[in-house]
Amino acid sequence: MLKNEIKSIIERFQTAGWVLEPDAKKIMKLSGLDIPNFVLTASLKEAEAFLKDSKGPVVAKAVSEKILHKTEHKAVVTGIDSVEMLEKEMSRLLTLDGCEAVLVEEMVQGLEVIVGAKVDSQFGPVVVFGLGGTSVEIYNDTAIRMAPLKPDDVSSMIDSLKAKDLLFGYRGREGVNMDVLTHTLISFSHLIMDLEEYMESLDLNPVICTQKRCVVADARIILETGNWKIGN
């Protein structure tokens, strides 16, 4: 069952047809998923304070209802490690179409995976899992299962990937925390079951996994068109 806070967010973006990233990440957090620490602001002073409090570089992203695909508009900047760079990039991002605030968040490093979902006309909500980032388009190394998932389903999805060795650790590289990854996929699958009537697709790409965390670095929810209303 959807929490009231999630219902409120979904209904607020019904007309737009998709949920802005900061709000999509709030939904992920409310659903038990891990998200980066972030601040949403148009204030350079506030962004500078966040950078100084961070343990490493940060990421800055333009937040605009007119920008769905950020990379096409150069609306994402990674590796910001100085006040000078932050000021330059924030000033540029705020000039992009419809941008009134910038999402400044911690930069997490690890193995990138994709966790996605769509509502299939025959099978209902299905979960897609595989290698994330740009590699998902190159290698097409993904697995699909019907929601909701169980631990055995997650194990089966992982085992079916050609590059599964990367998840367990390969040539001296650290593997990811399988318990955390399993929790992430199962929690995600229950969320999309609750959102079935209201969403068209939901993509978390990338989710950055380490030996300790699986962090949702980007989240995009495309809503179903129509005059639906979430019940109480």
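These values consider heavy atoms only, across backbone and side chains, with no hydrogens, waters or symmetry-generated copies.
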Connected via hydrophobic side-chain network under 4.5 Å: V59 and L94:
no
Going by side-chain contact (heavy atoms from CB on, under 4.5 Å), name the residues that satisfy it together with M146, two or more places apart in sequence or in a different chain.
F123, V126
Can you pull out every salt bridge (Lys or Arg N to Asp or Glu O under 4.0 Å) where at least one residue sits in residues 87-99? Sequence neighbours excluded, please.
K66-D97, E89-R92
Out of curiosity, does V108 fall in the hydrophobic cluster containing V207 (side-chain heavy atoms, cut-off under 4.5 Å, transitive links)?
no
Contact check, side chains of D218 and P206, non-hydrogen atoms, under 4.5 Å:
yes
Pairwise side-chain contact, V180 with T184, heavy-atom cut-off 4.5 Å (strictly under):
yes
Among residues two or more places apart or on two chains, list those pairs meeting side-chain hydrogen bond (donor to acceptor under 3.5 Å, both in side chains) that have a residue in residues 99-108.
K25-E105, K61-E105
Which atom pairs, one a donor and one an acceptor, fall under 3.5 Å between side chains of residues 70-81 and the rest of the protein, sequence neighbours left out?
unit_1	atom_1	unit_2	atom_2	d
K70	NZ	E21	OE1	2.9

Would you compute the distance between atom CD of E197 and atom CG of L2 and round it to the nearest 0.5 angstrom?
9.5 Å
Are M157 and I192 connected, step by step, through hydrophobic side chains (Ile, Leu, Val, Met, Phe, Trp, Tyr) whose heavy atoms are closer than 4.5 Å?
yes
Roughly how far apart are I67 CD1 and L96 CG, rounded to 0.5 Å?
4.5 Å
Using a 3.5 Å cut-off and no angle test, enumerate the donor-acceptor pairs between side-chain atoms of residues 27-45 and protein atoms at least two apart in sequence or in another chain.
unit_1	atom_1	unit_2	atom_2	d
S31	OG	I27	O	2.8
D34	OD1	R213	NH2	3.1
D34	OD2	R213	NE	2.8
D34	OD2	R213	NH2	3.3
T41	OG1	S43	N	2.8
T41	OG1	E46	OE1	2.8
S43	OG	K45	N	3.4
S43	OG	E46	N	3.1

For G110 and I208, the nearest pair of non-hydrogen atoms, with its separation, is N-CG2, 3.3 Å
The criterion is salt bridge (charged side-chain N to carboxylate O under 4.0 Å, His left out); which residues satisfy it with D179, sequence neighbours excluded?
none
Trace of the side-chain contact (heavy atoms from CB on, under 4.5 Å) decision for I222 with L68:
CA-CA 10 Å; I222 306 298; L68 176 59; 4.1 Å; yes
Atom NZ in K229, atom NZ in K7: separation rounded to 0.5 Å?
10.5 Å
Quick one, V113 and L167 - any side-chain contact, counting heavy atoms below 4.5 Å?
yes
What residues, two or more places apart in sequence or in another chain, satisfy side-chain contact (heavy atoms from CB on, under 4.5 Å) together with S54?
F50, V58
Verify, without hydrogens or angle tests, whether D141 (side chain) and A163 (backbone) share a donor-acceptor contact under 3.5 angstrom.
yes
M178 and F168: side-chain contact (heavy atoms from CB on, under 4.5 Å), yes or no, with the steps?
CA-CA 8 Å; M178 287 299 172; F168 294 98; 3.5 Å; yes
Please report the interatomic distance CD1(I186) to CG(D153), rounded to the nearest 0.5 Å.
8.0 Å
Taking every heavy atom of L191 against every heavy atom of L202, the minimum-distance pair comes out as CD2-CD1, 4.2 Å
Non-hydrogen side-chain atoms of E200 and W18 separated by less than 4.5 Å
no
Do the side chains of L166 and V215 join up, straight or via other hydrophobic residues, at under 4.5 Å, putting them in one cluster?
no
What pairs meet the side-chain hydrogen bond (donor to acceptor under 3.5 Å, both in side chains) rule with one or both residues in residues 119-129, with sequence neighbours excluded?
none
Supply the atom-to-atom distance F13 CZ to L223 CG, rounded to the nearest 0.5 angstrom.
9.0 Å
Please enumerate all residues that pass salt bridge (charged side-chain N to carboxylate O under 4.0 Å, His left out) together with D23, with sequence neighbours excluded.
R12
Please confirm whether the backbone N or O of N4 pairs with a side-chain atom of S8, one donor and one acceptor, at under 3.5 Å?
no
Taken to the nearest 0.5 Å, the spacing of R220 CZ from D203 CG works out to 5.5 Å
For P125 and M193, which heavy atoms make the closest approach, and how far apart are they?
CG-SD, 3.9 Å
If I compare all heavy atoms of V104 with all of A47, which pair ends up nearest, and what's the gap?
CG2-CB, 4.1 Å
With heavy-atom distances below 4.5 Å as the criterion, would you say the side chains of E65 and L20 are in contact?
yes
Hey, could you give me each pair passing salt bridge (Lys or Arg N to Asp or Glu O under 4.0 Å) that has a residue in residues 185-194? Not counting sequence neighbours.
none
In one Ile/Leu/Val/Met/Phe/Trp/Tyr side-chain cluster, 4.5 Å: L149, V128:
no
Who passes side-chain contact (heavy atoms from CB on, under 4.5 Å) against S82, sequence neighbours left out?
E84, M85
Candidate list T142, I114, I144, L161, test side chain to side chain contact (heavy atoms under 4.5 Å, CB included), partner F129, passing option
L161
Would you name the heavy atoms of A117 and M199 that are closest together and state the gap between them?
CB-CE, 4.0 Å
Tell me the closest heavy-atom pair linking E196 and V119, and the distance in Å.
O-CG2, 3.8 Å
Considering residues at least two apart in sequence or located in another chain, which fulfil the side-chain contact (heavy atoms from CB on, under 4.5 Å) criterion with A24?
V19, A219, I221
